[in-house]
Student: 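Input: one structure, supplied below.
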Amino acid sequence: NLRFALTWDGLRINNNDGSVQIDDEEDITVIDKSDVQRIKIGRLNKVYDDEGALIDCDYGIRFKDASGAVTMETDDDGQLWLRNYLLVGPEDATSSQVRIGYNEDETKVNSNDAHEVFHAGEEGSDKEFIVYEDGFMKASGAEFTGAVYATSGKIGNLTVGEVSSAIEDSMGIEVVSDRGETFKVNS
């Protein structure tokens, strides 16, 4: 049931599932069977003067979901915007183990109600790395090399923020407190 029309207004190709249109107003568009514009390639944001003449526009690609809400968009500067997040994986979205972007899922928030913005690893496993929008980071199986600066929390049995001269460790630890005191234990 493929139909097409070539008129002064442009080219339209229809089938039972929607249409593809090329014209001077909307450029290249893909419209679904519910008449929702799902993909647009060309001039996205047009700016007109008071007489209705086009004075500026941004070119790019825009994708929308079935409700017509924008889900992805590019612009003249090469930026890519996604509504939620980008899935990265070896095969497809179901095998993805990396998510980059704003995760709106209510279960993906930390104790400060901050949403995940980066998630690597199998969810719920002991090999996860998560960064939240407020800077909080969760890492399992992490290894840090170099200086670590902390004002509170715990590293093993050492409580950061309660450092005193009573360090009894033979592991060779150097601790600099916020008071400028340095304690060093040599092994």
Student: If you count every heavy atom of other residues, nucleotides or ligands that lies below 6.0 Å from Tyr48 atom OH, does the total exceed 12?
Tutor: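 Yes, OH of Tyr48 has more than 12 neighbouring heavy atoms, counting only those of other groups under 6.0 Å.
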
Student: Apart from Val47 itself, what residues make up its hydrophobic cluster when side-chain heavy atoms of I, L, V, M, F, W and Y under 4.5 Å apart count as a link, directly or indirectly?
Tutor: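 Same cluster as Val47: Ile55.
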
Student: With distance as the sole test, does Asp76 use its side chain to make a donor-acceptor pair with the main-chain N or O of Tyr59 at under 3.5 Å?
Tutor: yes

Student: Answer with yes or no whether the hydrophobic clustering places Met72 together with Val117; edges join I, L, V, M, F, W, Y residues whose side-chain heavy atoms lie under 4.5 Å apart.
Tutor: yes

Student: Please check: side-chain N/O of Asp77 versus main-chain N/O of Gln79, any donor-acceptor pairing under 3.5 Å?
Tutor: no

Student: Looking at Glu133 and Ala114, what are the two nearest heavy atoms and their distance?
Tutor: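 Reported closest heavy-atom pair: OE2-CA, 3.4 Å.
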
Student: Could you pull out the closest heavy-atom pair between Ser19 and Asn14, with the gap in Å?
Tutor: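 That closest heavy-atom pairing would be CB-OD1, 3.0 Å.
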
Student: Does Val70 belong to the same Ile/Leu/Val/Met/Phe/Trp/Tyr cluster as Leu44, with side-chain heavy atoms less than 4.5 Å apart forming each link?
Tutor: no

Student: By the rule that ILVMFWY residues connect when side-chain heavy atoms come within less than 4.5 angstrom, directly or transitively, which residues belong alongside Phe136?
Tutor: Ile130, Tyr132

Student: I need the minimum non-hydrogen distance between Lys64 and Gln37, along with the two atoms involved.
Tutor: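 The answer is CD-O, 3.3 Å.
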
Student: Closest approach of Asp17 and Asn15, non-hydrogen atoms and distance?
Tutor: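 So the two residues come closest at N-OD1, 2.7 Å.
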
Student: For the CG atom of Asp32 and the CD1 atom of Ile39, what is their distance to the nearest 0.5 Å?
Tutor: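 So the gap between those two atoms works out to 10.0 Å.
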
Student: Any donor and acceptor pair, going by atom type alone, linking the side chain of Asp27 with main-chain N or O of Arg43 inside 3.5 Å?
Tutor: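 Side chain of Asp27 to backbone of Arg43, a donor-acceptor pair under 3.5 Å: yes, one is there.
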
Student: Calculate, to the nearest 0.5 Å, the distance between atoms CZ and CD1 belonging to Arg12 and Ile31 respectively.
Tutor: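 That separation rounds to 5.5 Å.
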
Student: Determine whether a donor-acceptor pair (N or O, by modelled atom type, separation under 3.5 Å) exists between the side chain of Ser34 and the backbone of Val36.
Tutor: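 Here the side-chain-to-backbone pair does not exist.
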
Student: When rounded to the nearest 0.5 angstrom, what distance separates CD1 in Ile13 from CG in Leu6?
Tutor: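 Those atoms lie 9.5 Å apart.
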
Student: Counting C-beta onward and ignoring hydrogens, is there a side-chain heavy-atom pair between Gln21 and Glu26 closer than 4.5 Å?
Tutor: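 No. Closest side-chain heavy atoms not under 4.5 Å.
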
Student: Parallel under 30°, tilted from 30 to 60°, perpendicular over 60°: which one fits the rings of Tyr102 and His115?
Tutor: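 Taking His115 first and then Tyr102, their aromatic rings sit tilted (interplane angle of 30° to 60°).
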
Student: With side chains defined as the heavy atoms from C-beta onward, is the minimum distance between Ile100 and Tyr85 less than 4.5 Å?
Tutor: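 No; the side chains remain at least 4.5 Å from each other.
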
Student: Which heavy atom of Ala69 sits nearest to which heavy atom of Arg83, and what is that distance?
Tutor: CB-NH1, 3.3 Å

Student: Should Val98 and Met137 be regarded as members of a common hydrophobic cluster, given that ILVMFWY residues are connected when their side-chain heavy atoms come within less than 4.5 Å of each other, either directly or indirectly?
Tutor: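 Same cluster.
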
Student: To the nearest 0.5 Å, how far apart are CZ in Phe63 and CD in Glu73?
Tutor: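 Here the interatomic distance stands at 11.0 Å.
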
Student: To the nearest 0.5 Å, what is the distance between CG on Asp134 and CG on Asp113?
Tutor: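 One gets 9.5 Å once the value is rounded to the nearest 0.5 Å.
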
Student: How many angstroms lie between CG in Asp24 and CH2 in Trp8, if you round to the nearest 0.5 Å?
Tutor: 12.5 Å

Student: Taking side chain to side chain contact (heavy atoms under 4.5 Å, CB included) as the definition, give me every residue that meets it alongside Thr74, ordered by chain and number, with sequence neighbours left out.
Tutor: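 Only Ile61, Leu80 meet the side chain to side chain contact (heavy atoms under 4.5 Å, CB included) criterion with Thr74.
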
